[in-house]
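Accompanying notes for the structure given below.
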Amino acid sequence: MKIVYLHQYFNTPSMGGSTRSYEFAKRLVAKGHEVHILTTDRDAKATVAQGWRRTDESGINVHWYPLAYSNHLSYLARMLVFVRFALASSFRSLRIGADLVFATSTPLSIAVPGLLASGFGKYRPFVFEVRDLWPEMPIAIGALRNPVMQLLAKGLEKLAYRCSESIIALSPGMRDGVIRAGTNPNKVAVIPNSCDIELFAEAESESNCVPKDWQSVPLLLYTGTLGKVNGLEYLVDVAFQLKKMESNVRILVVGDGREKLQCIDLARKSGVLNEYIRFIAPVDKYQIASLYRVCTMASNIVIDLPEARANSANKFFDSLAAKKPVLVNHGGWMHELVARSTCGLSTWRMPIDEAAELIHERMNDNEWLMKASEQAEFLAEKYFGRDILFEKLHQILTLSYEGRGYRSAQIAPYTLDSEEAFQPSTDRARSRTLWIINQYASTPLIGMGGRHYYLGQQMASQGVNVRVIASAANHLLRSPVPVVGDYKVTDEGAAKYTWLKCLKNAEARSVKRILNWFVFSWQVLKVPAVAGERPDVVLYSSPSPIGFLAARRLARRYGAKLVFEIRDIWPLTLIELGGLSVYNPLVVLMGYIERKAYRSSDSLVSNLPNAEAHIVSECEKKVEFRWIPNGISVAEFDTSNASQRLRAAIPKDKFVIGYVGTLGAANAMDVLLDAALKLRANKHLAFVLVGRGNERGALERFVADNGLESVVILDPVPKAEVPSILKLFDLCYIGWRDEPIYRFGVAANKIPEYLMSGTPVIHAYSGACDFIGQSGAGFTVPAGSADRLAEAIAAASQMARQELQEMGERGKAFALKQFNYIDLGEQMEEFLFKGIPDA
């Protein structure tokens, strides 16, 4: 991506101040992105007449606009600087061009060039980073008093939030403030300031900034701006109390700002200047790191205003990175973090004399200092490392570029409740929630059960809250699920099922089946009221892509990860197998939705081994893909028992070639019967077909017309009986048409089931990924060739029983290794919840 990164106060490590933008931009460049940062050259000697200058900072294209600025300026003068930079950077951004615009406050005026450069979010994604709650904070401290200006600022704030694809807040309090402004919570992420662990680890362990007579005493450090919001008078008051106690603790203040002279004057009047508290000029980031190495405890001081409690000061995270305890004197999320994690000391609302006494006590307690230091190190490495938080930022920028900023909150959802005390614990984790939307899902009792029943059961046993959303009526069910109203909720094993009311239809080829695609999609939109829960992941499964749009809407509503599962490649299957024209309106509609699904999903999964080849040809961008095949339930094979009626129907003194499944055109049943016709003279052979489908009537007529006494066609059986039936056969048959669609492989449930049965398999197939051939479990013959099929059947019937048994055992071993639903459930859970933190 080409990224325009707008930050009015950008700093490099050789400069004083925050280096967040520098560190993140440097890592974006390392990821292969082209980054242009627009910022101000704040040197007092800089003049506008000099215009923009451009430098390369660690591969970052930095564009500097000369505008002198300091905290000493009046509020009005600062406002004028904000406006001038907003205008200049707007024109510069448009000249540069970008794939994505990333603007970081303060000030709020930085949103102006961000909005203009992005076309108000319409022409390219706009990501807005909120470092302070503007205009709330300027209003609270009296910097923005004009009612008209307040109104304009609030309007700009709401416009920036509304036009942003995603918003990054630097603290939970800032996130709450953004949401209070009417923003969709799902697009608001929390990425606090972070810890440059390596920088502080490599810093010098001594600093010439610390007076020699202070180098052997407990040292409390403050670094940063000395402005009104920082309230550094607090440290002067603490110093006065320390002097009264004759404490050995000293305070070093490093920085500059409008309130610095006032603080120095107060310290002088209190009789503590240079004795208990000293003020020195700002230093660069490297010297800051050395100061943190030599201090005993660092501090984050802020005036006690509700608007200030949301701050995410760099100095706090520098303390953690340096493994130093941190003092906070204010409420909010940092106070709670310090109090719960014991990484430092909070003196919020504590009388100043008691606060000073506690500071003295803790800074002279080596055991407490050691434990607080260990906890600070843990927090830095576990939660606030720069690389950890950058990866979240990169994910959000990537999602925003792809138009999926609604998932931002899920990528970086920071809450104190979910990370209480920031200690590893499994006790607090809630079950993650998965919604599987599959119109044709069922259970073994009312249908064939299939993929999502078994994967759902396995993931539920692993602690996932699984809800399967299916049609209450479709041609694959033995009978419709009785529904009163629009839906019915049932417990099916460890998972919950929500059955949606649809049109009753029993035929695969019918107008009602097509209508049901649209009815089901409409009913899916009602699921939130039905489910009463919030999904972390929404998995939509084809074949029909129609319902994907409804699934995507649900995912956006809840900020859930959206995964599209391809079980049949539609509409390509309808074209290549069904003979529909590429100009058929239904094909055109499906094709549009299919491409939209590929491009707007967070991840793609398929049971077709070569599906990725088709996805790449249809998708403009790389999307994470995983092949997870259909599988088998080992437990069902161990407990299956066929009915006596069925056992009696299968010949006992013959070599039985069997088939269990749908009797449809795609399954090449006619080829099998042609082979049976060619082998009719061999009285040792019998063919048993178990199932139903559109071709059953034609097959029965063929058998009757040709007097094929060797062929038996039986009604379908419950799923639980299938494994035991397969074991009654001597050879299992699977057949396909000779069509190009099979270049992507096949994913029939019967393949793993046949292999697991331990019965040899004959596979009439000319496509890719032949698991029968790979496993050595039987014979593969060209699809559509009755002659070759008949020859293979005849040859198999003459083989020694031991040889056939060895083939079956190879197939079973292959199935246990590749198709066990226990393993596949673990793979699916890992894939679906990748990138989603534990709740």
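If you're wondering where the values come from, they're calculated on a predicted model, not measured in any experiment. All values below were derived from every heavy atom in this structure, side-chain atoms included, with hydrogens, water molecules and symmetry-related copies excluded.
- Between Trp570 and Pro545, the closest side-chain pair of non-hydrogen atoms falls below 4.5 Å.
- A side-chain N or O of Trp499 and one of Thr490 form a donor-acceptor pair less than 3.5 Å apart.
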**OP:** Assess whether side-chain contact (heavy atoms from CB on, under 4.5 Å) is satisfied between Val519 and Asn516, documenting all intermediate values.
**Re:** CA-CA 5 Å; Val519 172; Asn516 261 344; 4.1 Å; yes
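- For the residue pair Tyr598 and Glu594, a side-chain donor N or O sits within less than 3.5 Å of a side-chain acceptor on the partner.
- Here the two rings, on Tyr754 and Tyr733, have centers that are 6.0 Å apart or farther.
- Within the 3.5 Å criterion, the main-chain N or O of Ala473 finds a donor-acceptor partner in the side chain of Ser471.
- Side-chain N/O atoms of Asn438 and Ser541 include no donor and acceptor closer than 3.5 Å.
- A donor-acceptor contact shorter than 3.5 Å links the side chain of Asn584 to the backbone of Leu586.
- By the 30° and 60° cut-offs, the orientation of the rings of Tyr497 relative to Tyr453 is tilted.
- In terms of modelled atom types and a separation under 3.5 Å, the side chain of Asp674 and the main chain of Ala786 share no donor-acceptor contact.
- A side-chain donor-acceptor contact under 3.5 Å links Asn630 and Arg451.
- Every residue two or more places apart in sequence or in another chain that forms a salt bridge (Lys or Arg N to Asp or Glu O under 4.0 Å) with Glu830 is listed here: Arg626.
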Subject >> side-chain contact (heavy atoms from CB on, under 4.5 Å) between Ile546 and Phe520, worked out >> reply: CA-CA 9 Å; Ile546 302 297; Phe520 179 76; over 6 Å; no
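- Side-chain contact check for Thr662 and Asn667: no donor-acceptor pair (N or O, by modelled atom type) lies under 3.5 Å.
- Asn610 places a side-chain N or O within 3.5 Å of a backbone atom of Arg743 that can act as its donor or acceptor partner.
- Side-chain N or O atoms of Ser606 include one that pairs as donor or acceptor with a backbone N or O of Leu608 at under 3.5 Å.
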**OP:** Take Trp517 and Trp522, measure what ring-ring contact (aromatic ring centres under 6.0 Å, His included) needs, and give me the verdict at the end.
**Re:** CA-CA 9 Å; Trp517 296 340; Trp522 174 256; over 10 Å; no
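- Residues passing the side-chain hydrogen bond (donor to acceptor under 3.5 Å, both in side chains) test with Gln818: none are found, sequence neighbours excluded.
- Using a 4.5 Å heavy-atom threshold, the side chains of Met756 and Val634 count as touching.
- The aromatic rings of Trp736 and Tyr765 stand perpendicular to each other, their planes meeting at an angle above 60°, with 30° marking the opposite boundary.
- With sequence neighbours excluded, no residue forms a ring pair (Phe, Tyr, Trp, His ring centres under 6.0 Å) with Phe687.
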